[in-house]
Amino acid sequence: MENIILSLNVVLPLFLTVALGYFIKRIKLIDKHTLKVMNNVTFKIFLPTLLFYNVYKTNLDGVFNIKLMIFAPSSIIISCLFMCIIIPLIEKENARRGVLIQTIFRSNFVLFGIPVVISLFGDDAIGITSLLIAVVVPTFNFLAVIVLEIFRGGHINIKAIIKGIAKNPLIIASALGLMALFINIKLPVFMETAIQDISKIATPLALVILGGEFEFSRLKGNIRNIFIGVFGRLIFIPSIFIPISIAMGFRDIELASVLIMFSAPTAVSSFTMAEQMGADSELAGQLVVFTTAISIVTIFLWVLLIKQLGYF
């Protein structure tokens, strides 16, 4: 019973915050334009500030695990390559192939990783997760662009991909945080306090916006692919890589971080990227909605299972 309550305490705050966003949208306190503007500000200001502050405040003693930093991106690459083989056998339309592959290997680790780890281990435990985000986000972005480009039949411009990754606010913030951490830059107290206060806005606001963007409509013709995407993202990938993570000796905060990396819903930005690159953006948006909604249940079950087995 104690583990069930702990697991509920991990996922229910996420659910209630997302539900608040959906409720606010339904009663018309916010509209699509407002959500778009808020999402843009959150992506470019609040989430980068959160990442910078978390990395900047990390105590590297006992945190930097080279095995973990290699395992995380390697597992993402393997899952991406595997999906590039499997999905074309299931789906014949290229515009949907790229979307399904991206959905299954690319999780919303930035948005879900930090609050879940905080719920399990407290505020002081997020250094590992923040460092992992700094490695994982570029991997997700790089692979997503390549996959979507391949399945629209375009020419892969590596230079443009690298440029896009280098301009990503989350990656810039992580790099600045790492720079400040490794060369031991100390910010003035007033500046550090301001950054800390701003960083507290990021996660709840991003979850509210995510809830506001939910649209349970236009499902006809996509139910089969929604099932494939949801199953692949929330059950298939975690079922493979969480046991591997345990076998490799990851425990506690490290295991919780990779668990969320594998079991979190599809990244919200996958919809935007699909829209920009000529993929099936309607399917991409529906997959973001359904993986997010159903992940509240599946994350609870994954956390409960690992807790029951005594791995954290």
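Source: prediction; values computed, not measured.
Every residue two or more places apart in sequence or in another chain was checked for a side-chain hydrogen bond (donor to acceptor under 3.5 Å, both in side chains) with E93, and none qualifies. When the side-chain hydrogen bond (donor to acceptor under 3.5 Å, both in side chains) test is applied to R97, the partners found at least two apart in sequence or on another chain are N94. Partners of T129 under the side-chain hydrogen bond (donor to acceptor under 3.5 Å, both in side chains) rule, at least two apart in sequence or in another chain, are S257. Taking S74 as the reference, nothing meets the side-chain hydrogen bond (donor to acceptor under 3.5 Å, both in side chains) condition, with sequence neighbours excluded.
Contact check for I195 versus Y56: no side-chain heavy atoms found under the 4.5 Å cut-off.
Residues A206 and T42 come closest through the heavy atom pair CB-CG2, 3.9 Å.
Remark: the backbone N or O of M248 is paired with a side-chain donor or acceptor of K67 at under 3.5 angstrom. A donor-acceptor distance shorter than 3.5 angstrom exists from the side chain of T266 to the backbone of T103, with no hydrogens or angles considered.
Relative to the six-membered ring of Y53, K200 misses at least one condition, a distance below 6.0 Å or an angle of at most 45° to the axis.
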Report all side-chain donor-acceptor pairs from residues 234-241 shorter than 3.5 Å, counting only partners two or more places apart or in another chain.
| unit_1 | atom_1 | unit_2 | atom_2 | d |
| --- | --- | --- | --- | --- |
| S239 | OG | I235 | O | 2.5 |

Identify each donor-acceptor pair in which a side-chain atom of residues 171-191 lies under 3.5 Å from a protein atom, sequence neighbours left out, and give them as a table.
| unit_1 | atom_1 | unit_2 | atom_2 | d |
| --- | --- | --- | --- | --- |
| S174 | OG | L170 | O | 2.9 |

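If you run side-chain contact (heavy atoms from CB on, under 4.5 Å) between L287 and each of L100, N225, T292, only L100 comes through.
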